[in-house]
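Shown next, in structure tokens, is the structure this report addresses.
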Protein chains: 2
Amino acid sequence: MTMKTKKISFYERRAAIAKALGHPSRLMIVDALQEREICVCELTELVGADQSTVSRHLSVLKNAGLVDTRKEGPMIFYRLRVKCLEGFFMCIENVLKENLEREEALVGG
Amino acid sequence: MTMKTKKISFYERRAAIAKALGHPSRLMIVDALQEREICVCELTELVGADQSTVSRHLSVLKNAGLVDTRKEGPMIFYRLRVKCLEGFFMCIENVLKENLEREEALVGG
DNA sequence: TGTCTTCATGGTCATATTGCAATATGACCT
DNA sequence: AGGTCATATTGCAATATGACCATGAAGACA
């Protein structure tokens, strides 16, 4: 395997995770799951989309390895598989803060 | 504005940033820019795609507020606008590590 | 002026994503 | 078995994305 090929698969794996987090509904879900595990029915209410749509978003998160499931009777509870999302969210907040400052600078100066 | 609308735009802004990082070429670019500012011609070589394709990726990163540009003669240098990407990458690595452990557990037992 | 380099943009095609409706699956209860 | 609730999956339409080619704009330089 060439170095370039290796590099590509390296970034592909990482980009897949970022991509899974790149949708507002999925971000909302992940954020809610930081508190506690939540069933699909409750997540569907939270997101406010069709149940089938939410189910698809959940499967995207699951395929990325971000969440895991637990069965309890007819219900399925989703929970975060990783606790490290703070770093991710902090990074995003930092970018948004910088963007805001830039906008203010453009208006003010 | 209702609470739900507010929440949506909250997550939309954050998801847009994650989405901008959700492509292997863009991740490769951002990673390279952690070292130093780089011109489009060099980034084009690095990524190994058409110059127009790389230019589009760069505009995605710029629109997300992740990078900024500096003109020098006919060249345009791109540089990171934020230094916080460590937290982002650490989070990704953490997820990948967890995923690897899960795969090993599935094989092993 | 003409040409070369560097980068961005419009056009076009192939593919992926997203959303909803409809249907299937699976568990539980009677 | 039949009924009901909670999820997953499939089909389809609309839209977004990503790649290339061709072209355009701007600076450097003879």
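Throughout, protein chains are lettered first and strands after them, A, B, ... in sequence-line order, and every chain is numbered starting at 1. When reading the values below, keep in mind they use all heavy atoms of this one structure, side chains included, and skip hydrogens, waters and symmetry mates.
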Distance-only donor-acceptor hits, side chain of residues 52-66 of chain B, under 3.5 Å, sequence neighbours excluded:
unit_1: B/S52; atom_1: OG; unit_2: B/D50; atom_2: OD2; d: 2.7
unit_1: B/H57; atom_1: ND1; unit_2: B/R26; atom_2: NH1; d: 3.0
unit_1: B/S59; atom_1: OG; unit_2: B/R56; atom_2: O; d: 2.9
unit_1: B/K62; atom_1: NZ; unit_2: B/T69; atom_2: OG1; d: 2.9
unit_1: B/N63; atom_1: ND2; unit_2: B/S59; atom_2: O; d: 3.2

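- Of the residues in residues 67-77 of chain B, those lying under 4.0 Å from DNA chain C by heavy-atom distance are B/P74, B/M75, B/I76.
- Annotation for A/F77: hydrophobic cluster partners, listed by chain and number, are A/M75 (ILVMFWY side-chain heavy atoms under 4.5 Å, direct or chained).
- Rounded to the nearest 0.5 angstrom, A/F88 CZ and B/N94 CG are separated by 13.5 Å.
- Summarising the geometry of A/Y78 relative to A/L33, their closest heavy-atom pair is O-CD2, 3.2 Å, with the distance given to 0.1 Å.
- Heavy-atom distances to DNA chain C give each of B/C39 and B/R56 a nearest nucleotide, and the one nearer the 5′ end belongs to B/C39.
- Closest of all the heavy-atom pairs between A/I92 and B/A18 is CD1-N, 4.0 Å.
- On the nucleic acid side, DNA chain D contacts chain A at distances under 4.0 Å to non-hydrogen atoms, with the end points of that region at D/dA6 to D/dG11.
- Looking at A/R81, its side chain does come within 3.5 Å of a backbone N or O of B/E98 through a donor-acceptor pair.
- Dashed line: the shortest gap from a side-chain N or O of B/Y78 to OP1 or OP2 of C/dT6 is not under 4.0 Å.
- Applying the side chain to side chain donor-acceptor pair (under 3.5 Å) criterion to A/R70, with sequence neighbours excluded, gives A/E37, A/E72.
- Closest approach of A/C91 to B/L85, counting heavy atoms only: SG-CD2, 3.5 Å.
- In the hydrophobic cluster analysis, where Ile, Leu, Val, Met, Phe, Trp and Tyr join through side-chain heavy atoms closer than 4.5 angstrom, A/V30 is grouped together with A/I76.
- For the segment residues 58-66 of chain A, the set of residues with a heavy atom within less than 4.0 Å of an atom of DNA chain D is empty.
- When all heavy atoms are compared, the tightest approach of A/M28 to A/L46 is SD-O, 3.7 Å.
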